[in-house]
Amino acid sequence: MQLPSLKLPARWRRQRPTPTLPLVLGPHSIYILPSRAGWGLGIVLLCMLLAAINYSLNLGFLLTFVIVGMALSSMLHTWRNLAWLQVNASAPAPVFAGQHIQLQLELSDNRQRARYAVGAALALETAVYTDIAAGLSATLTLSLASKQRGWMQVGPIALSTSFPAGLFRVWTSFPSPLRCLIYPAPAEPGLPLPEGAIPGGSEGETLRRGDDDFSGLRPYQAGDSPRRIDWKASSREQGLYSRDFHAAAHEQCWLDLAQTPGKNLEHRLSQLTRWVMDAHEQSLSYGLQLPGITLEPAHGEAHYHACLRALALLGQR
């Protein structure tokens, strides 16, 4: 089930400022219309009223007006189910292009009023529903597919409810001030890390895998020497594992966009993203060389995300 999109005249949309979070849904920011069931009930009530008038049926008048009163009462309760609800959210964590953004949306009640079947959605995605206890809050995880690297606006957030009778639908839609950083989609694994010279290093100092020190196990890759396969570890685990060696004096590697293979810029950025992930998994100290940007060799989570951020924003404003 998808939430209805709110289409306003262009002159109204231009005058509508982007709200700041947290946001309280006041009475002027939510809208109500009969649902399909509500329109159907309205037609039935109209027929009942005409029949009661035509045949002068007092019981028909009574039944019609009782049902009308119940419907109007449900309209008030449906409106109250969404009114004065507090909405809050924080910027979603970065993801790789093609993955889904996960937005944590917090809905809170500050009127000591329980809320039921409140739905939320991003853009035209499927709505997620939750109940909110009186005076408490509930958290919804909203998902949105990412497309390309760089900053991506989360887009409008839509809230909706039809509780309790389903005769009316109350909804609101507002632009979100949040955005998410999209990292380049990593290339398929297989291409080994580059063996390049350390910029500024002494003559003959290179960055390569060596045979001096055992550094751990890694999943088997096509082209690995059979002598490096750890058959004992492979027998205990699922799949093959190769022993990885590094020369003791060469624990750094440089990743340079100018020397990265690829058909175009996006392909080379995808390969660099894969190498950054591989170097991070192997706990190597790695640096990144981009046009106008140089990140000195380091390791750890902060350096890992700094490199991915630089790749995501390369060439973008």
Side-chain angles (χ1 to χ4, degrees), residues 1-17 19 23-87 105 107-138 140 142 155-176:
M1 180 178 180
Q2 292 184 349
L3 298 181
S5 59
L6 182 60
K7 296 183 178 180
L8 298 177
R11 59 189 180 90
W12 292 4
R13 292 199 302 267
R14 286 195 299 267
Q15 296 172 359
R16 190 179 183 188
L23 170 69
V24 176
L25 302 179
H28 298 292
S29 62
I30 58 179
Y31 306 86
I32 183 168
L33 281 175
S35 63
R36 184 175 300 177
W39 286 113
L41 179 62
I43 295 174
V44 171
L45 290 175
L46 179 60
C47 294
M48 290 174 60
L49 180 61
L50 293 177
I53 294 173
N54 187 51
Y55 295 102
S56 300
L57 297 175
N58 293 333
L59 187 59
F61 284 113
L62 177 62
L63 181 60
T64 301
F65 292 136
V66 167
I67 297 177
V68 169
M70 294 174 63
L72 293 178
S73 176
S74 73
M75 179 177 68
L76 174 62
H77 284 283
T78 304
W79 182 85
R80 283 163 55 92
N81 199 43
L82 200 62
W84 306 112
L85 196 65
Q86 180 172 299
V87 183
L105 186 70
L107 304 177
S108 305
D109 169 69
N110 53 11
R111 293 298 179 98
Q112 298 302 315
R113 182 190 308 155
R115 319 294 182 109
Y116 300 97
V118 177
L122 291 174
L124 298 179
E125 298 291 329
T126 303
V128 181
Y129 291 86
T130 188
D131 297 334
I132 307 168
L136 298 179
S137 62
L140 291 173
L142 305 183
I157 299 175
L159 300 176
S160 163
T161 184
S162 296
F163 181 86
L167 299 177
F168 296 90
R169 173 170 292 160
V170 177
W171 82 93
T172 184
S173 178
F174 54 89
S176 170

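Note: hydrogens, waters and symmetry copies are ignored here, and every other heavy atom, side chains too, is used.
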Please assess L45 against V68 for the test side chain to side chain contact (heavy atoms under 4.5 Å, CB included), listing each intermediate value before the final yes or no.
CA-CA 8 Å; L45 290 175; V68 169; 3.7 Å; yes

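- A heavy-atom distance below 4.5 Å is found between the side chains of L41 and I67.
- Residue M48 holds its CE atom at 3.5 Å from OG1 of T64, rounded to the nearest 0.5 Å.
- Looking only at distances, no side-chain donor or acceptor of T161 sits under 3.5 Å from a matching main-chain atom of L82.
- Here the straight-line distance linking atom NE2 of H77 with atom CG of L72 works out to 11.5 Å at 0.5 Å rounding.
- Nearest heavy-atom pair across A127 and A121 is CA-CB, 3.7 Å.
- Rounding to the nearest 0.5 angstrom, the gap separating the CG atom in L105 from the OG1 atom in T130 is 10.0 Å.
- Here the CZ atom belonging to R169 is positioned 4.5 Å from the OG atom belonging to S162, to the nearest 0.5 angstrom.
- Residues passing the ring-ring contact (aromatic ring centres under 6.0 Å, His included) test with F65, sequence neighbours excluded: none.
- Counting only heavy atoms from C-beta outward, the side chains of S56 and F61 never approach each other to under 4.5 Å.
- Residues I32 and M75 are in side-chain contact: their nearest non-hydrogen atoms beyond the backbone lie under 4.5 Å apart.
- Screening Y116, Y129, F168 for a ring-ring contact (aromatic ring centres under 6.0 Å, His included) involving F163 leaves a single residue, Y116.
- I132 is not listed as a side-chain neighbour of S108, based on a closest heavy-atom distance of 4.5 Å or more.
- Looking only at distances, no side-chain donor or acceptor of D109 sits under 3.5 Å from a matching main-chain atom of L136.
- Between the side chain of S29 and the main chain of L25, no donor-acceptor pair closer than 3.5 Å is present.
- You'll find the side chain of L140 reaches within 4.5 Å of the side chain of L107, heavy atoms only.
- A 4.5 Å side-chain heavy-atom check between L57 and L63 finds every atom pair outside the cut-off.
- Using a distance-only test at 3.5 Å, with no hydrogens or angles considered, a donor-acceptor pair links the side chain of R115 to the main chain of N81.
- Note: Y31 OH to T172 OG1 = 6.5 Å, rounded to the nearest 0.5 Å.
- Side-chain contact between W171 and I30 is absent, with no heavy atoms from C-beta onward closer than 4.5 Å.
- Atoms CE and CG, on M70 and L167 in that order, are 9.5 Å from each other to the nearest 0.5 Å.
- Side chains of V87 and L159 form a contact here, defined as non-hydrogen atoms less than 4.5 Å apart.
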